[in-house]
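Here's the structure, in structure tokens; my notes come after.
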Amino acid sequence: MLSSKTDHLKILVLGHPVGEEDISRWLGEQGAVARADTVEAAAKVLRGESFDWVICSGADLARLRDMTVSAQATAIVDSINQGVCLVNGKGDIVWCNARMSAFAVPVRERVQRCCEDTYRWAEVETQATTLTTRSRRFSFSFPDHGHFEVTCTPVFDVHGRPIQVAAVVWDVSYSRRLQDKIDAIDRAGRELVGLDVDQFSKLDTQDRLALLEQKILRSTKELLHFDNFEIRVLNRRSNRLDLVLASGMPADAEHVELYAVPEGNGICGYVASRGQSYICPDATCDPRYLPGLTNAQSSLTVPLRIHDRVVGVANFESTRQSAFSEDDRQFAEIFGRYVALALHILELLVSERQATTGQVFRNVMSEITSPLNSILTEAETVIEDYIGHDDVRRRVRNISELAVRIRETNRACTQTKAGFIGVAPAKPRVADPILQGKRILVADDEETIRETVRDVLAGYGCVVSIARDGAEAVELLTADPFDLVLSDIRMPLKNGYEVFAAAKALNPKIPVILATGFGYDPSHSIVRARREGLAAVLFKPFKVDQLLQEIRSALQVG
């Protein structure tokens, strides 16, 4: 006897079994009964519903099982993302899945021709020799339908003769567009770092940055669809992200100081500290986002790397929400490496270069120390062996002295000071009436630079006062008269333009020289000061000769 749980059975009856009335009465007592007159009808019902029992004859059961398996196989083939079809020797499609049917007519016709060509090829190959390659691959594209790849495989009978061709068709439009975009990024990057040496040698740092900014805009505007971008370089000494390039940034956003810290320094600080890109799909509700572009809705920020070391960040913003995808992130990361390389080539990554210069020379010294010591040892041995051969001993001694100079020069290079190139003598070799006795104010928040400049100028007879920030510089200006002011642009409390304005307010004729470490002028100090009588601009790191030349020229004009 069946348990009471059989009340809910679903039963399918195929055909008309013997003793149908008795069976029907009994089945009705067990649950809900559905009927199908033919195997095809039963298979159709089974594709749409599930049943607990199926009652049919043994012959019908075998046919029903085969049809069900075939239907499942068809469903599986229809569910895959590739087009699949069988084509006969005349190029006619004898069967295809739903994906293949969905392709445009020109695509299907091209696939048919590929299959027909493969069929003819298989006929020739099987007559000539044994096939070593069972499949052939084709690629084609249509402007309106995309890019496609096809694999055609001949189907053989028991005698080894081709009877059909099976084709699998991939729509590779997306991956092709992806590759085209990567290629475009690569071309843009190559253009970015393909700098004309003769052209750039005639430009100062400010003009080089402007040209680099134009290159970035031209290269990425259509690829990333952004409305604003900014590039910040990591200052290793202060851990500050200094703004060097920007387009579309409002003036108040340009003054924001950011540091490579994960919290409290916006997305740029987070990316610089973690070394990981960040997509902000909705700037209005992301707690890390700091206001940048007016009405910004989304942003993409990627790290700038040189030798897998983060040296800055590139930040792109859009007035549309979710404007940047994972693909955009990958493109921006690739392009970011080119940007970092271009900045490095232009010698704008001052902090990074200073951090690595010593290591480079130490690496060089580690490579050459052993050979140099061997040269010196061999030289001393030769000198001792060739007593009486004065000419040989003199030449060997010259080689020995040269080896010593190489070693000492490389050792000295590892001690280069930040922001300053070259070493000036403590006292001038010839008295310089232009500099002698001149009162000069030097304002810079970097101790190494202000003390080095003070020592250099003092050696030429100048009377030098130093200020550690802009506010201290303004206080010194109001307390004593000066013949010239040399001020860094980016300083705490007051910037270089404010120092310039204070100096000019006290003495309109006083010459003022501004210095900058990166060349980008976020507060437009250089532009405004030049209109108002700025004497010169020095781009760090500068040479002693450059410093002296600009000061002499400014004092003579003043």
Side-chain angles (χ1 to χ4, degrees), residues 204-205 350 417-517 519 521 523 525-526 528-558:
D204 62 21
T205 308
V350 178
K417 293 184 178 180
F420 221 87
I421 301 177
V423 179
K427 294 183 180 298
R429 297 177 181 176
V430 179
D432 191 330
I434 298 175
L435 299 177
Q436 187 69 36
K438 293 297 187 293
R439 295 180 56 82
I440 297 178
L441 173 61
V442 177
D444 199 300
D445 61 337
E446 292 188 42
E447 181 180 1
T448 301
I449 291 184
R450 63 175 180 265
E451 290 185 357
T452 304
V453 172
R454 179 194 61 192
D455 294 343
V456 168
L457 296 179
Y460 283 83
C462 298
V463 179
V464 184
S465 298
I466 58 174
R468 292 167 294 184
D469 54 56
E472 186 177 356
V474 172
E475 289 180 8
L476 290 173
L477 282 168
T478 56
D480 296 298
F482 290 93
D483 297 301
L484 181 139
V485 176
L486 172 63
S487 174
D488 186 33
I489 289 178
R490 301 195 64 162
M491 291 186 296
L493 303 181
K494 292 183 182 295
N495 61 34
Y497 178 78
E498 292 173 297
V499 174
F500 166 84
K504 287 294 185 179
L506 293 167
N507 179 7
K509 294 184 178 181
I510 186 173
V512 179
I513 297 174
L514 292 180
T516 177
D521 185 15
S523 60
S525 301
I526 295 174
R528 287 186 291 173
R530 274 177 172 167
R531 289 198 298 261
E532 299 168 16
L534 181 66
V537 179
L538 282 171
F539 295 99
K540 301 175 185 177
F542 47 79
K543 296 181 179 180
V544 170
D545 290 344
Q546 290 177 282
L547 171 69
L548 295 174
Q549 179 182 345
E550 294 294 354
I551 290 178
R552 288 191 185 101
S553 298
L555 288 171
Q556 286 178 312
V557 173

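Positions are given from 1 along the sequence. Quick note: numbers below take in every heavy atom, side chains included, and nothing from hydrogens, waters or symmetry partners.
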Considering all heavy atoms of both residues, which atom of [X] and which atom of [Y] are nearest to each other, and what is their separation?
{"X": "Ile510", "Y": "Lys504", "result": "O-NZ, 2.9 Å"}
{"X": "Leu534", "Y": "Val512", "result": "CD1-O, 3.1 Å"}
{"X": "Ala502", "Y": "Val474", "result": "CB-CG2, 4.0 Å"}
{"X": "Ala515", "Y": "Asp488", "result": "O-OD1, 2.7 Å"}
{"X": "Gly496", "Y": "Ser487", "result": "CA-OG, 3.9 Å"}
{"X": "Ala536", "Y": "Glu550", "result": "CB-OE1, 3.3 Å"}

Sequence neighbours left out, what passes side chain to side chain contact (heavy atoms under 4.5 Å, CB included) with [X]? Give chain and number order.
{"X": "Arg454", "value": "Glu451, Val464, Ile466"}
{"X": "Glu475", "value": "none"}
{"X": "Asp469", "value": "Ala471, Glu472, Pro492, Leu493"}
{"X": "Leu506", "value": "Leu477, Thr478"}

If you define the side chain from C-beta out and look only at heavy atoms, does anything of [X] sit under 4.5 Å from [Y]?
{"X": "Leu435", "Y": "Leu548", "answer": "yes"}
{"X": "Ile513", "Y": "Leu484", "answer": "yes"}
{"X": "Glu532", "Y": "Phe500", "answer": "yes"}
{"X": "Asp445", "Y": "Arg468", "answer": "no"}
{"X": "Val463", "Y": "Lys438", "answer": "no"}

* Arg552: what forms a salt bridge (charged side-chain N to carboxylate O under 4.0 Å, His left out) with it, not counting sequence neighbours? -> Asp432

* Structure fact -> Which of Val499, Asn507, Leu514, Ile440 passes side-chain contact (heavy atoms from CB on, under 4.5 Å) with Val485? Answer is Val499

* **Interatomic distance, Ile434 atom CD1 to Tyr460 atom OH [nearest 0.5 angstrom]** => 12.0 Å

